[in-house]
Each structure stands twice: as C-alpha cells, then as structure tokens.
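Structure first, then comments.
We use all heavy atoms of the structure for the numbers below, so side chains are in, but hydrogens, waters and symmetry mates are not.
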Amino acid sequence: MTRLEERIRRDGKVKDGSILKVDSFLNHQMDIGLFEDIADEFLRLFGDDNVTKILTIEASGIGIACIVAQRFKCPVIFAKKTKTKNIEGEVYATKVESFTHGQIYDIIVSKEFLKAEDRVLIIDDFLANGAALSGLVSLVTAAGATLVGAGIAIEKAFQPGGEMLRAQGIRIESLARIKSMGKDGSIEFC
Ligand code: 5GP
C-alpha cells in the first residue's frame, strides 16, 4: 500500500537495525485518516469472507482493529496480556513471547466473546517473528472458530514469522512488507 510505505519512509525511525519506530502515526500518536485507508484495503481483501469478529492483541493493534471493525460492521475483541498465574476456565489462554520486550506472557480472550460459529479476521500492527500472531491463531483454534486470515499493517519480511505462518496455510495480507532495514536508517520494501 503506497501511502503506508511513503509514510514509513518519511516518518519511520529504524532502531538498532531491526526495530521500526512508528510512534508518530501508528503506535503512539495515531493518524486515523491513514487507519481508514488501511481499513479500506483490508475490506477490499477480506470483504467477501463473511467476517464476524476482528481479533487483535493489546495494546498497539487496537487502534487499527477498531477502524477495521467499523468497515466490517462487526465487533472487535482484543486479547488481553496478563501475568496472572491461575487463569480461570472462562477464558481461552496461550503464551506469547514479546518481540519488543523479550518476556513471556499469557494472552487471554473470554469464551463469551469467541464462539465456534465465528469467522475471525486477525488484525495487528506488526508481524516480526510471528509469536503474537501464532498466539492469536491458537486462541481462534481453541474456540473452534474459523480463521479467515490475518491483516497486518507492517511485516518485517526479513524476520521469520510471515514465512512460518504462511507455510501453515494461514492467509496473511501485509500492506507494507519490509525487505531490509539498515543501521543508517534506510528501509527497503519487498
Ligand atoms: P512478533 O510476535 O511477530 O515477533 O512481533 C509482533 C509484535 O511485536 C507486534 O504486535 C508489535 O507490537 C511488536 N513489534 C515487532 N516488531 C516491531 C517493530 O519493529 N516496531 C514496533 N513498533 N513494534 C514491533
């Protein structure tokens, strides 16, 4: 998606060669006009798939997912991160290793909100090693729901998550795919 790539080039900041900071338009301050274009693109890609729920993970996926849910006219659920040891039976839970923070945490979704009859589109801001997306896929599977696919704003294609999850047969649509990032701040798209 050209507008997103141009914005990444203009305002994205490369940290340590592998982290892309997009705090000025996506992760902290949020450009809702851009989110609307992102949502339109996901509607074009997944609009015929009878999506009944948008699923994302807190916190940075929530903003985009809300605008996407508005387009699909369905609810959005965000998986909550928790450190609680004894998780009640009322939730689906799985473990995720955080790429940005390097720690392992549980993510949960209430069984009340994810049902076997749901057709789920997962939305997230980044795909890197694939841990967050794998965790969300596990929650969908645990609920017996149908996974329509995943819509990702920015995929760092030089990290293994996208390839690993596509090899499992998951439909992943990423709007900006980064081939490489340099220590000098340069960014190359696929
Ligand atoms: P993964 O689990 O695929 O390794 O990483 C996905 C999650 O880590 C995303 O939800 C995102 O919050 C965070 N993340 C991964 N890489 C980056 C990055 O380069 N920049 C930012 N801002 N977040 C990232």
Within-4.5 Å side-chain heavy-atom neighbours: [X] and [Y]:
{"X": "Ile54", "Y": "Ile67", "value": "no"}
{"X": "Glu58", "Y": "Lys80", "value": "yes"}
{"X": "Ile123", "Y": "Phe46", "value": "no"}
{"X": "Met1", "Y": "Ile38", "value": "yes"}
{"X": "Ile19", "Y": "Val14", "value": "no"}

Identify the residue among Glu155, Glu188, Glu163 that makes a salt bridge (charged side-chain N to carboxylate O under 4.0 Å, His left out) with Arg177.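 Of all the options given, the one that passes is Glu155.
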
Between [X] and [Y], which heavy-atom pair has the shortest distance, and what is it?
{"X": "Phe42", "Y": "Phe72", "answer": "O-CZ, 3.6 Å"}
{"X": "Lys53", "Y": "Ile77", "answer": "CD-CD1, 3.8 Å"}
{"X": "Leu139", "Y": "Ala79", "answer": "CD1-CB, 4.0 Å"}
{"X": "Val22", "Y": "Gly12", "answer": "CG1-CA, 4.5 Å"}
{"X": "Ala153", "Y": "Leu26", "answer": "CB-CD1, 4.5 Å"}
{"X": "Ser174", "Y": "Arg166", "answer": "OG-NH2, 3.7 Å"}

Cation over ring, Lys179 on Phe189, under 6.0 Å and within 45°?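 No, Lys179 does not lie over the aromatic ring of Phe189.
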
Under 3.5 Å, side chain of [X] to main-chain N/O of [Y], donor-acceptor pair present?
{"X": "Lys183", "Y": "Asp16", "result": "no"}
{"X": "Gln159", "Y": "Ala128", "result": "no"}
{"X": "Thr94", "Y": "Ser138", "result": "no"}

Can you check side-chain contact (heavy atoms from CB on, under 4.5 Å) on Glu6 and Arg10, steps first, answer last? CA-CA 6 Å; Glu6 283 172 0; Arg10 198 183 81 194; over 6 Å; no

Hey, quick one: are [X] and [Y] part of the same hydrophobic cluster, counting side-chain heavy atoms closer than 4.5 Å, chains of contacts allowed?
{"X": "Ile62", "Y": "Leu55", "value": "no"}
{"X": "Ile172", "Y": "Ile154", "value": "no"}
{"X": "Phe78", "Y": "Leu114", "value": "no"}
{"X": "Leu147", "Y": "Val51", "value": "no"}
{"X": "Val76", "Y": "Phe113", "value": "no"}

Full working for side-chain contact (heavy atoms from CB on, under 4.5 Å) between Thr82 and Tyr105: CA-CA 6 Å; Thr82 172; Tyr105 52 87; over 6 Å; no

Result of checking [options] against [X] for side-chain contact (heavy atoms from CB on, under 4.5 Å):
{"X": "Val140", "options": "Thr146, Asp118, Val120", "answer": "Val120"}
{"X": "Met30", "options": "Ile32, Asn27, Leu34", "answer": "Ile32"}
{"X": "Leu136", "options": "Ile107, Thr141, Val96, Val109", "answer": "Ile107"}
{"X": "Thr56", "options": "Asp124, Val68, Ile122, Leu121", "answer": "Asp124"}

Would you call [X] and [Y] a salt bridge, taking side-chain N to carboxylate O under 4.0 Å as the test?
{"X": "Asp106", "Y": "Lys81", "value": "no"}
{"X": "Arg7", "Y": "Asp31", "value": "yes"}
{"X": "Glu41", "Y": "Arg44", "value": "yes"}
{"X": "Arg171", "Y": "Asp49", "value": "yes"}
{"X": "Glu5", "Y": "Arg3", "value": "no"}

Supply the atom-to-atom distance [X] [atom1] to [Y] [atom2], rounded to the nearest 0.5 angstrom.
{"X": "Met164", "Y": "Leu127", "atom1": "CE", "atom2": "CG", "value": "8.0 Å"}
{"X": "Asp37", "Y": "Leu4", "atom1": "CG", "atom2": "CG", "value": "9.5 Å"}
{"X": "Ser18", "Y": "Phe158", "atom1": "OG", "atom2": "CZ", "value": "6.0 Å"}
{"X": "Thr52", "Y": "Arg119", "atom1": "OG1", "atom2": "CZ", "value": "8.0 Å"}

Between the side chains of Asp184 and Ser186, does any donor sit under 3.5 Å from an acceptor?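 A pair is found: one side chain offers a donor N or O, the other an acceptor, under 3.5 Å apart.
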
Looking at residues at least two apart in the chain, or sitting in another chain, which of them share a salt bridge (Lys or Arg N to Asp or Glu O under 4.0 Å) with Asp125?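 Salt bridge (Lys or Arg N to Asp or Glu O under 4.0 Å) check on Asp125 returns nothing, list empty.
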
Does the side-chain contact (heavy atoms from CB on, under 4.5 Å) test come out yes or no for Met181 and Ile178, once each step is laid out? CA-CA 7 Å; Met181 300 195 306; Ile178 297 176; 3.6 Å; yes

Leu165 vs Ser134, side-chain contact (heavy atoms from CB on, under 4.5 Å): CA-CA, chis, key distance, verdict: CA-CA 8 Å; Leu165 287 154; Ser134 292; 3.6 Å; yes

